[in-house]
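So the structure is just underneath, and the comments pick up after that.
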Amino acid sequence: MVWCCCFVHHQRKRKQSSQDQDDAISVCSLGRNDRSISFRGDSRPDLFTPRPWSRNAPPPITKRRDSKLWSETFDVCVNQVLTSKEIKRQEAIFELSQGEEDLIEDLKLAKKAYHDPMLKLSIMTEEELMQIFGTLDSLIPLHEDLLRRLRGVRKPDGSTEHVGHILVGWLPCLNSYDSYCSNQVAAKALLDHKKQDHRVQDFLQRCLESPFSRKLDLWNFLDIPRSRLVKYHLLLKEILRHTPNDHPDQQHLEEAINIVQGIVAEINVKTGESECHYYKERLIYLEDCQRDPLIDNSRALTCHGELKNNRGAKFHVFLFQEVLVITRTITQNDKLYYQLYRQPMPVKDLVVEDLQDGEVRVAGSLRGAFTNNERIKNFFRVGYKNGPQSQSHSFQANDTFNKQQWLNCIRQAKESVQCSGGDDPLPSEGHLIPAEQSSDSQQATRFEQMDHSDSISDCSMDTSEVSMDCEQMEQTDCSIHSKQVESDV
């Protein structure tokens with residue numbers, strides 16, 4: 001009895017520590033939400049203009065879920081004596097079940113607190129809400145089914161003997177996540193655009209300040225299913241880790257892990273293709289010669305985001321599989337598009353240079369002056385030369401982290417092109433130096449990168465900002481015999 005009580009106390013402390021860590025990560029993530037680079041279809045919470053009715057209001061009380069442990073939900077000491085390994089196994093199974101219950105509650109809340117009121121109050125049209133919420137409704141009965149199965153095999157004392165066969169039978173249902181995840185890029189773009197409507201912004205802000213939201217905005221709720229999807233294999237591995245080798249669940253759990261990893265990998269590919277297609281459809285070409293088969297044939301978007309040149313002009317840069325595209329954002333018919341700036345640059349011909357702080361001359365200042373000024377930090381240079389055509393662009397990232405991410409992505413893209421049999425990049429000329437090849441040839445799947453980046457960076461799509469620069473769009477000389485373009489922008 002004493003040993004069990006001590007274990008429960010230890011579990012409570014461990015659970016609270018984990019909760020505190022999650023809270024800290026959430027706070028850090030919010031603090032980094034001004035970063036502009038995108039490595040996935042995640043969101044950046046908008047900064048809302050304070051409302052008169054809320055300026056002097058006391059801070060809302062955040063509704064937090066109570067942390068639940070199997071060992072404190074059920075009396076584990078009355079009728080049986082369990083080993084430490086078995087208790088940990090029961091805790092892992094209970095965490096899986098409790099997670100399903102929390103997910104169902106959040107999905108229902110998203111519909112009840114956001115979808116239905118906005119439809120009833122005509123804040124958004126039914127078509128717009130259908131685009132933003134996608135197939136979220138269909139996911140609720142799916143997870144209710146798993147929760148019902150898990151509870152069905154739970155014994156009166158709260159323990160669960162076999163769970164592997166249930167997971168093997170249920171996990172193929174996750175294929176229905178395909179359409180939901182593939183829709184997220186378009187859904188996020190529309191939601192960001194609708195936030196420019198003061199009625200939408202006001203409604204979402206009121207919800208954010210209400211206790212039921214737990215300080216989560218609408219997109220956080222809409223992204224919960226994806227977050228849950230990528231955690232299944234971790235939950236199953238935890239159960240397997242505490243399952244004896246001779247337990248009947250051993251084989252079933254290994255099979256279940258393979259099933260879920262295969263499903264996530266497949267959805268990952270389709271989601272990447274959907275994201276790539278979405279942005280390709282929104283590219284606007286000033287000249288026919290800007291059209292490039294490398295863009296048309298791209299099926300994945302490595303990264304994209306906003307960068308500035310040394311004059312402070314904003315560009316939205318896309319790194320596709322085999323081509324780098326520099327654009328400026330414009331609006332047409334109330335929709336966001338990306339107008340090409342100069343010629344697309346083949347990845348195989350790219351050269352990249354990491355520039356030291358203060359090395360780039362910023363408009364209105366002398367080279368090397370004010371080296372501690374934020375305006376002349378975090379620059380890097382990309383360019384290419386192919387016969388008579390060449391370009392050179394100096395870009396400034398928001399911070400050191402984003403700068404390094406861009407450099408890594410470009411270098412990995414070059415490595416991938418070379419490994420796939422592409423031509424070797426041409427030697428660099430002038431002050432540009434060849435990009436170093438990345439030593440990490442194995443990249444995590446898009447979804448795993450998304451979950452990992454939640455705790456270290458913001459990967460927002462930046463579709464909520466329309467950068468309108470003062471200077472006119474420069475026209476590209478599309479002739480194959482054009483003079484060298486030195487656009488150290």
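It should be emphasised that the depicted structure is a prediction, and the values quoted were computed from it without experimental measurement.
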* Asked: With distance as the sole test, does K280 use its side chain to make a donor-acceptor pair with the main-chain N or O of D296 at under 3.5 Å?
  -> yes

* What's the shortest heavy-atom distance between C207 and A113, and which atoms? -> SG-O, 4.1 Å

* **CA sep, side-chain torsions, deciding dist, call: K270, C181, side chain to side chain contact (heavy atoms under 4.5 Å, CB included)** => CA-CA 9 Å; K270 293 182 179 179; C181 293; over 6 Å; no

* Structure fact -> On a heavy-atom basis, the closest approach of Y384 and D349 is CB-O, 3.3 Å

* Flag side-chain contact, heavy atom, 4.5 Å: L253 against I239 -> yes

* To do: Establish, yes or no, whether the cationic atom of R228 lies under 6.0 Å from the six-membered ring centre of Y232 and within 45° of the ring axis.
  => yes

* **Nearest-0.5 Å distance, CG of residue L350 to CG of residue L319** => 8.0 Å

* Structure fact -> Shortest non-hydrogen pair, Y285 vs I295, comes out as OH-CG2, 3.7 Å

* Taking only Lys NZ, Arg NE, NH1 and NH2, and the carboxylate oxygens of Asp or Glu, determine whether E322 and K348 approach each other closer than 4.0 Å. => no

* Pick out which of K194, K188, Q196 makes a side-chain hydrogen bond (donor to acceptor under 3.5 Å, both in side chains) with D192. => K188

* Using the test salt bridge (charged side-chain N to carboxylate O under 4.0 Å, His left out), find all partners of D137 that sit at least two apart in sequence or belong to another chain. => K111

* Could you tell me whether a side-chain N or O of E266 sits under 3.5 Å from a main-chain N or O of G262, the two making a donor and an acceptor? => no

* E127-Q131 side chain donor-acceptor pair, cut-off 3.5 Å -> no

* To do: Before accepting this row, confirm whether a basic side-chain N of the pair K403/D399 lies closer than 4.0 Å to the acidic partner's carboxylate O.
  => no

* Distance-minimising heavy-atom pair for N183 and I132 -> ND2-O, 4.4 Å

* Structure fact -> Heavy-atom closest pair (A256 atom, L236 atom, distance to 0.1 Å) is CB-CD1, 3.9 Å

* Asked: Is the closest basic N to carboxylate O distance between R241 and E238 below 4.0 Å?
  -> yes

* For S298 and L294, indicate whether the former's side chain and the latter's backbone hold a donor-acceptor pair under 3.5 Å. => yes

* Asked: So do the side chains of L190 and E128 get within less than 4.5 Å of each other, counting heavy atoms only?
  -> yes

* Asked: Considering only heavy atoms from C-beta outward, does the side chain of F395 approach that of V317 to under 4.5 Å?
  -> yes

* Asked: Counting only N and O atoms by type, is there a donor-acceptor contact under 3.5 Å from the side chain of D197 to the main-chain atoms of R199?
  -> yes

* **Derivation of the side chain to side chain contact (heavy atoms under 4.5 Å, CB included) call for F318 and L324** => CA-CA 6 Å; F318 296 90; L324 183 75; over 6 Å; no

* Structure fact -> Taking every heavy atom of F133 against every heavy atom of Y180, the minimum-distance pair comes out as O-CE1, 3.4 Å

* Asked: Under 3.5 Å, is there a donor-acceptor pair linking the side chains of S182 and D178?
  -> yes

* Structure fact -> To the nearest 0.5 Å, atom CZ of R206 lies from atom OG of S213 at 14.0 Å

* Asked: Is the distance between the ring centroids of H143 and W170 under 6.0 Å?
  -> yes

* Under 4.5 Å between any side-chain heavy atoms of M118 and L218, yes or no? -> yes

* Where does the angle between the aromatic ring planes of Y338 and Y279 fall among parallel (under 30°), tilted (30 to 60°) and perpendicular (over 60°)? -> perpendicular

* To do: Assess whether side chain to side chain contact (heavy atoms under 4.5 Å, CB included) is satisfied between M345 and V382, documenting all intermediate values.
  => CA-CA 9 Å; M345 294 185 287; V382 293; 4.3 Å; yes

* To do: List the steps and the verdict of side-chain hydrogen bond (donor to acceptor under 3.5 Å, both in side chains) for Q205 and E209.
  => CA-CA 6 Å; Q205 178 65 15; E209 295 183 1; 2.6 Å; yes

* Is there a donor-acceptor pair under 3.5 Å between the side chain of T302 and the backbone N or O of Q321? -> no

* Asked: Do K308 and F315 touch side chain to side chain, with heavy atoms closer than 4.5 Å?
  -> no

* Side chains of H393 and Q391: do they bring a donor and an acceptor to under 3.5 Å? -> yes

* Asked: Any side-chain heavy atom of H304 sitting closer than 4.5 Å to one from H316?
  -> yes

* Asked: Should the pair R381 and F379 be classed as cation-pi, given the thresholds of under 6.0 Å to the six-membered ring centre and 45° from the axis?
  -> no

* side chain to side chain contact (heavy atoms under 4.5 Å, CB included) assessment of I330 paired with I284 -> CA-CA 9 Å; I330 63 172; I284 294 181; 3.6 Å; yes

* Approximate separation, where rounding is to 0.5 Å, of Q356 CD and F380 CZ -> 14.5 Å

* To do: For residues D106 and R214, determine if any side-chain heavy atom of one lies less than 4.5 Å from a side-chain heavy atom of the other.
  => yes

* Have H233 and Q261 got a donor and an acceptor in their side chains that come within less than 3.5 Å? -> no

* State, without any angle test, whether S394 and N310 hold a side-chain donor-acceptor pair at a distance under 3.5 Å. => no

* Structure fact -> Between the CG atom in N309 and the CD1 atom in I326, the distance rounded to the nearest 0.5 Å is 10.0 Å

* **From CE (M124) to CG (L191), nearest 0.5 Å** => 5.5 Å

* **Spacing of L107 atom CG and K112 atom NZ [to the nearest 0.5 Å]** => 14.5 Å

* So with a 6.0 Å cut-off around CZ of R299, is the heavy-atom count from everything else above 12? -> no

* Asked: Do V264 and L229 have side chains that get closer than 4.5 Å, going by heavy atoms?
  -> yes

* Determine yes or no for a side-chain-to-main-chain donor-acceptor pair under 3.5 angstrom, with T135 supplying the side chain and S138 the backbone. => no

* Indicate whether any N or O donor in one side chain lies under 3.5 Å from an N or O acceptor in the other, for Q404 and D354. => no

